[in-house]
Amino acid sequence: MQTDFQALLLEREEGIVTITMNRPEVLNALNEVMVAELVEVFDEVAHDESVRCIVLTGAGGSFGAGQDLRSFTQARDASESTKASEHLQQYHRLVYLIQEMPKPVLAAVRGVAAGISANLAFACDMRIASDDARFIEAFSRIGLVPDGGGGYFLPRLVGLGRALEMALLADEVNGVEAERIGLVNRCVPLASFEATTRALARRLAQGPTRSYAFIKELMYKSLDLELQSVLTLEGKLQAMAMQTADHREGVNAFLQKRAPHFEGN
Ligand code: LHQ
């Protein structure tokens, strides 16, 4: 796996790949290079069976400040490839890659997560925040609509009322409040943020990875299906899960009164 990136740091350990957005001087705002590199890495880890959990985070005390407005404006003024649809295509690829990733993707958010950066966190499977986290659906501050899947994930995470409030007012939601309204799974003190993130990632990386992939497929597809189709899909996925070695290991471990050791297949 390539590790030499301009705008990302990549760390790989214990089946966990940590992707760190790394432009701290602009609070990890996303430019074209960073988005292209994110697409490349997410695409690569999707096919790497030795990777069993992905952590997305930011360098230097922030998660990300959204689209880099300076480089975006410069490119637009130079009328480079800035038709909104072209620009968004890369973000949409990224959202699909996260959704279709056959293993868990955990967003680890400390500091600010604004605009598209916040929405990328919302597209992940789980979110852990530090108590200094600040989520800002910043789009309406600059006369835009939530992009990068925000219009899909946000109302599904917090309900339509809170989603509309966050998008219309673009006020900050802090980590504690984010946990209270279900925007993040856990909010932890900054001092224990890294250790807690690591422990959760390790736990996910040691889980039954194929079952996790099936769970993701079931849950995400269910959002757009009626009951009958969900039950049909459930049957198909359960049949596949029952063929896995980790299913057999889980049952054996239970019967033998020991902890399971999942290999991810
Ligand atoms: C930045 C940025 C930034 C560049 C901080 N860009 N430099 C957009 C456009 C078109 C099509 C498609 O999609 C999108 C998607 C989006 O993401 S729209 C939303 C874009 N993001 C924003 O509107 C947020 C802009 N940033 C802010 O409002 C503040 O910086 C926040 C609230 C995030 C943080 O505030 P502070 O903690 O007070 O930090 P700061 O403002 O002092 O920022 C530190 C530095 O980072 C500063 O640079 P400087 O050279 O002055 O020290 C900022 O200019 C730079 N920076 N965000 N998005």
Side-chain angles (χ1 to χ4, degrees), residues 1 3 8-22 24 28 38 41-42 45-46 48-64 97-99 101-113 117-118 120-135 153 157 173-216 219-220 244-247 249-250 253-254 257-265:
M1 184 186 297
T3 50
L8 302 179
L9 297 172
L10 213 64
E11 187 203 330
R12 186 185 177 132
E13 206 187 352
E14 302 178 298
I16 304 161
V17 164
T18 301
I19 304 169
T20 304
M21 296 177 278
N22 186 32
N28 306 318
L38 283 169
V41 176
F42 272 100
V45 293
D48 185 339
E49 288 196 1
S50 67
V51 179
R52 294 171 63 189
C53 175
I54 294 132
V55 177
L56 178 64
T57 193
S62 306
F63 186 76
L97 279 164
I98 294 171
Q99 284 288 286
M101 181 70 60
K103 41 210 143 195
V105 184
L106 170 64
V109 180
R110 56 174 292 193
V112 78
S117 302
L120 286 181
F122 303 154
C124 293
D125 305 315
M126 289 183 73
R127 282 152 293 284
I128 186 161
S130 62
D131 56 5
D132 76 339
R134 304 150 65 195
F135 293 90
F153 296 108
L157 283 169
V173 173
N174 65 38
V176 174
E177 176 71 354
E179 184 188 72
R180 196 185 70 77
I181 65 175
L183 191 58
V184 303
N185 301 86
R186 280 169 213 179
C187 172
V188 296
L190 184 55
S192 54
F193 174 68
E194 278 191 23
T196 313
T197 301
R198 194 80 208 158
L200 184 55
R202 199 177 291 124
R203 184 170 161 194
L204 290 168
Q206 290 170 358
T209 310
R210 293 196 56 213
S211 142
Y212 284 167
F214 298 143
I215 290 169
K216 283 185 68 166
M219 294 288 176
Y220 289 122
T244 63
D246 282 343
H247 164 59
E249 164 62 7
F254 172 75
K257 298 191 185 297
R258 62 172 173 80
H261 178 76
F262 294 123
E263 301 274 2
N265 48 45

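These numbers were taken from a predicted model, which means no experiment stands behind them.
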TODO: Using a 4.5 Å cut-off on heavy atoms from C-beta on, say whether the side chain of V109 contacts that of V184.
DONE: no

TODO: Determine, for E249 against R258, whether the closest basic-nitrogen to carboxylate-oxygen distance falls under 4.0 angstrom.
DONE: yes

TODO: Give the minimum heavy-atom separation between P260 and G250, together with the two atoms involved.
DONE: CB-CA, 4.4 Å

- [ ] Compare all side-chain heavy atoms of V41 with those of L10 and state whether any distance is below 4.5 angstrom.
- [x] yes

Task: Within 6.0 Å of CZ in R12, more than 12 heavy atoms from elsewhere - done: yes

Task: Worked check of side-chain contact (heavy atoms from CB on, under 4.5 Å) between L200 and N185 - done: CA-CA 11 Å; L200 184 55; N185 301 86; over 6 Å; no

Open item on the list: Any heavy-atom pair between the side chains of M21 and L8 that's under 4.5 Å?
Closed with: yes

Open item on the list: Rounded at 0.5 Å granularity, tell me how far CZ in R52 sits from CD1 in I54.
Closed with: 12.5 Å

- [ ] Write down the atom of L204, the atom of M126, and the distance for their closest heavy-atom approach.
- [x] CD1-SD, 4.4 Å

Open item on the list: As a quick check of understanding, evaluate side-chain contact (heavy atoms from CB on, under 4.5 Å) for Y212 and D125, giving each step before the final call.
Closed with: CA-CA 11 Å; Y212 284 167; D125 305 315; over 6 Å; no

- [ ] Could you tell me which non-hydrogen atom of P102 sits nearest to which non-hydrogen atom of A46, and how far apart they are?
- [x] CG-O, 3.8 Å

Open item on the list: Can you tell me if E13 has over 12 outside heavy atoms packed within less than 6.0 Å of its CD?
Closed with: yes

- [ ] Kindly indicate whether the side chain of F193, heavy atoms from C-beta on, has any atom under 4.5 Å from the side chain of D131.
- [x] no

Open item on the list: Within the supplied structure, the quantity of interest is the number of heavy atoms (other residues, nucleotides, ligands) at a distance under 6.0 Å from F254 CZ; does it exceed 12?
Closed with: no

- [ ] Start with the C-alpha distance between N28 and S117, add both sets of side-chain angles, then the distance that settles side-chain contact (heavy atoms from CB on, under 4.5 Å), and finish with yes or no.
- [x] CA-CA 9 Å; N28 306 318; S117 302; over 6 Å; no

- [ ] Could you check if a side-chain atom of V17 sits within less than 4.5 angstrom of a side-chain atom of K103, using non-hydrogen atoms only?
- [x] no

Task: Gap between atom CD of Q99 and atom SG of C124 - 0.5 Å precision - done: 9.0 Å

- [ ] Nearest 0.5 Å please: distance from the CZ atom of F63 over to the CG atom of L120.
- [x] 6.5 Å

Open item on the list: Quick one, M101 and K216 - any side-chain contact, counting heavy atoms below 4.5 Å?
Closed with: yes

Open item on the list: Any non-hydrogen side-chain atom of V55 less than 4.5 Å from a side-chain atom of E11?
Closed with: no

Open item on the list: Within this structure, what is the CZ-OG1 distance for the pair R198 and T18, rounded to the nearest 0.5 Å?
Closed with: 5.0 Å

Task: Inter-residue atom distance R110.CZ - E194.CD, 0.5 Å rounding - done: 7.0 Å

- [ ] Supply the atom-to-atom distance F135 CZ to I181 CD1, rounded to the nearest 0.5 angstrom.
- [x] 9.5 Å

TODO: List for me each residue that meets salt bridge (Lys or Arg N to Asp or Glu O under 4.0 Å) alongside R180, sequence neighbours excluded, and say none if there are none.
DONE: E177

Task: F262 and T209, any side-chain heavy atoms less than 4.5 Å apart - done: no

Task: Non-hydrogen atoms of A205 and G15 that approach each other most closely - done: CB-O, 4.1 Å

Open item on the list: Could you check whether atom CD of E49 has more than 12 heavy atoms from other residues, nucleotides or ligands sitting under 6.0 Å from it?
Closed with: no

Task: Heavy-atom pair of closest approach, residues A123 and F153 - done: CB-CE1, 3.6 Å

- [ ] For residues L106 and R127, report the shortest heavy-atom separation together with the two atoms involved.
- [x] CD1-N, 4.2 Å

TODO: Applying side-chain hydrogen bond (donor to acceptor under 3.5 Å, both in side chains), run through D132 and S130 and close with a yes or a no.
DONE: CA-CA 5 Å; D132 76 339; S130 62; 2.3 Å; yes

TODO: Please determine, by modelled atom types, if D246 and T244 share a side-chain donor-acceptor pair under 3.5 angstrom.
DONE: no

- [ ] Could you tell me which residues satisfy salt bridge (Lys or Arg N to Asp or Glu O under 4.0 Å) with R134, sequence neighbours excluded, listed by chain and number?
- [x] E172

